[in-house]
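Below you'll find the structure, written out as structure tokens, and then a few comments.
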Number of protein chains: 2
Amino acid sequence: MLVTAARLFYREGVHTVGIDRIIAEAEVAKATFYKHFPSKDDLVRAYVTAESSRQRAAVATVDTGSSREKLMAIFAFMCEFGAGPTYRGCPFVNTAAEYPDPDHPVRQAIAEHRRWTRDLYRDLLADDGHPDAERTADILLLLRDGLVVGFDLDDPATTRAAVQEALARVLAA
Amino acid sequence: MLVTAARLFYREGVHTVGIDRIIAEAEVAKATFYKHFPSKDDLVRAYVTAESSRQRAAVATVDTGSSREKLMAIFAFMCEFGAGPTYRGCPFVNTAAEYPDPDHPVRQAIAEHRRWTRDLYRDLLADDGHPDAERTADILLLLRDGLVVGFDLDDPATTRAAVQEALARVLAA
DNA sequence: CTAAGAGTAGACAGATCTGTCTGGTATCGT
DNA sequence: ACGATACCAGACAGATCTGTCTACTCTTAG
């Protein structure tokens with residue numbers, strides 16, 4: 001059910017996919033759905049937090065040597081995934097675009113994932129001995145957002161090359 | 001009419017704003033609206049191209065000395081605007097998030113604006129004598145996308161500082 | 001003066017949206 | 001065996017969506 005919703009939300013957007021679509025494709029009764037999720041927004045929030053969990057779990061599996069290599073592996077993976085045919089951009093950025101109110105629970109879930117992402121970068125940089133881990137983490141978050149938008153809207157090969165070169169320049173300092 | 005639609009689309013998103021809202025706030029009859037725009041998608045496309053024209057015009061007014069200063073002024077302006085209370089992210093990125101199909105006319109209009117943006121960066125860099133204007137322009141586009149997402153979703157002051165530092169590191173090479 | 005063009009208000013059609021409710025069926029722990 | 005719980009299919013309500021249509025008013029050019 002959540003898996004089906006996630007697939008549809010990611011591929012087609014949140015507002016364009018109705019409850020009827022989801023329960024039909026998940027082969028679930030409407031009453032069952034509304035028992036699990038009191039409203040559609042609850043489902044959207046669950047979608048966001050589930051996606052966040054997925055990404056945290058994915059990062060946890062990356063256990064290549066140093067923190068620097070780990071950081072590089074994370075960006076390499078994002079590039080690899082972004083170049084794939086099913087890529088539709090970042091679920092958090094895309095969903096946020098459909099929720100203008102920053103105080104909305106969905107937006108708060110997104111904000112929380114972004115904080116985790118930034119702190120992940122900072123910790124990896126600090127562990128690698130980077131002299132300015134805080135600011136550089138903010139820059140890597142900028143780069144990450146540019147990455148997800150670029151792979152969605154522009155030529156993947158160009159975006160990949162730009163990301164690699166940008167990483168080199170940003171981390172060289 | 002287009003101005004009203006642009007305001008609503010930008011503030012609340014494309015799919016959430018209905019035709020009825022637009023004609024009510026624009027104080028226009030429904031038949032009049034459908035005479036000018038055969039369908040809502042036509043209006044959305046007009047919104048995107050109008051926004052593109054606005055940005056091109058805004059860039060044209062920047063006539064500070066060198067190309068380098070011009071580039072800096074453009075990013076400074078984006079930061080200034082992004083820190084404002086009415087900022088809701090990039091209209092192109094946000095709208096693209098609601099149109100998954102890359103072949104859709106709306107997406108094509110967005111793609112065209114992105115090409116213009118990238119070429120603007122490239123021309124300014126080349127005019128400034130940058131040794132790798134092509135690749136650096138791609139990187140600046142990454143940075144731009146990170147900027148618009150960051151100012152929308154994160155702390156503006158942090159994002160501004162990150163953008164400035166990132167610009168310095170990217171252009172230093 | 002008049003005919004055409006453009007705008008207005010708003011009813012209407014048909015689809016779709018979220019969310020509720022009814023009634024029937026199956027599973028499972030005790 | 002039996003009550004609780006969870007599921008099913010689907011009708012339904014009420015709102016809202018896009019887009020069409022009717023009927024009327026106003027302006028303007030010939």
Side-chain angles (χ1 to χ4, degrees), chain A residues 1-51 88 91 94-110, chain B residues 1-51 88 91 94-110:
Chain A
M1 185 141 64
L2 218 178
V3 173
T4 304
R7 192 183 68 240
L8 294 175
F9 284 162
Y10 181 67
R11 286 210 298 226
E12 307 182 25
V14 170
H15 286 311
T16 55
V17 174
I19 298 292
D20 289 344
R21 270 288 292 295
I22 293 167
I23 67 168
E25 296 210 17
E27 288 173 326
V28 153
K30 208 169 211 179
T32 305
F33 168 79
Y34 275 101
K35 174 158 294 183
H36 289 306
F37 304 99
S39 76
K40 188 186 176 182
D41 274 357
D42 287 280
L43 175 65
V44 177
R45 194 179 205 285
Y47 157 60
V48 169
T49 58
E51 204 64 32
R88 255 271 298 150
N94 288 346
T95 303
E98 301 200 50
Y99 285 83
D101 179 11
D103 298 328
H104 194 286
V106 169
R107 277 289 293 270
Q108 288 179 355
I110 292 168
Chain B
M1 183 141 64
L2 219 178
V3 173
T4 304
R7 192 183 69 240
L8 293 175
F9 283 162
Y10 180 67
R11 285 210 299 224
E12 306 184 24
V14 169
H15 284 311
T16 55
V17 174
I19 298 293
D20 289 344
R21 270 289 291 295
I22 294 167
I23 66 168
E25 296 210 16
E27 288 173 329
V28 153
K30 208 168 209 178
T32 306
F33 168 79
Y34 276 102
K35 174 160 293 183
H36 289 306
F37 303 99
S39 77
K40 188 186 175 181
D41 273 358
D42 287 280
L43 174 65
V44 176
R45 197 181 201 288
Y47 157 60
V48 169
T49 58
E51 204 63 31
R88 253 273 297 150
N94 288 347
T95 303
E98 300 200 51
Y99 285 85
D101 180 11
D103 299 328
H104 194 285
V106 170
R107 277 288 292 269
Q108 288 179 355
I110 292 168

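Chain A is the first sequence line, chain B the second, and so forth, proteins listed ahead of strands; every chain is numbered from 1. The model shown is predicted, which means the values in this text are computed figures rather than measured ones.
- Residue A:Thr32 places at least one side-chain N or O under 4.0 Å from the OP1 or OP2 atom of D:dC8.
- Distance, A:Ile23 CD1 to C:dT16 P: 14 Å, rounded to whole Å.
- The interatomic distance linking B:His36 (NE2) with D:dG19 (C1') rounds to 16 Å, in whole Å.
- Nucleotide D:dT18 holds its P atom 7 Å from the CG atom of B:Asp20, rounded to whole Å.
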Worked verdict on A:Asp41 versus A:His104 for side chain to side chain contact (heavy atoms under 4.5 Å, CB included): CA-CA 10 Å; A:Asp41 274 357; A:His104 194 286; 3.0 Å; yes
Verdict with supporting geometry, B:Leu43 and B:Ile22, side chain to side chain contact (heavy atoms under 4.5 Å, CB included): CA-CA 11 Å; B:Leu43 174 65; B:Ile22 294 167; 3.7 Å; yes
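- Regarding A:Leu43, its CG atom lies at a distance of 10 Å from the P atom of C:dT18, rounded to whole Å.
- Residue B:Ala31 has its side chain nearest to C:dT8 when only C:dT8, D:dC17, C:dG19 are considered.
- For the pair B:Glu51/B:Thr95, no side-chain contact is recorded, criterion being any heavy-atom separation below 4.5 Å from C-beta on.
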Derivation and outcome, side chain to side chain contact (heavy atoms under 4.5 Å, CB included), residues A:Asp20 and A:Lys30: CA-CA 8 Å; A:Asp20 289 344; A:Lys30 208 169 211 179; 3.0 Å; yes
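- Going from atom OH of A:Tyr34 over to atom C1' of D:dC12 covers 14 Å, rounded to whole Å.
- Considering only side-chain atoms of A:Lys40, the nucleotide from D:dC7, C:dT18, D:dC8 that sits closest is C:dT18.
- Distance A:Ile19 CD1 to C:dC17 C1': 9 Å, rounded to the nearest Å.
- Scanning atom types as modelled, one donor and one acceptor separated by under 3.5 angstrom connect the side chain of B:Lys30 and the base of D:dG19.
- One interatomic measurement links the two molecules: CD1 of A:Ile22 to C1' of C:dT16, which rounds to 14 Å at whole-angstrom precision.
- The interatomic distance linking A:His15 (NE2) with C:dT18 (C1') rounds to 13 Å, in whole Å.
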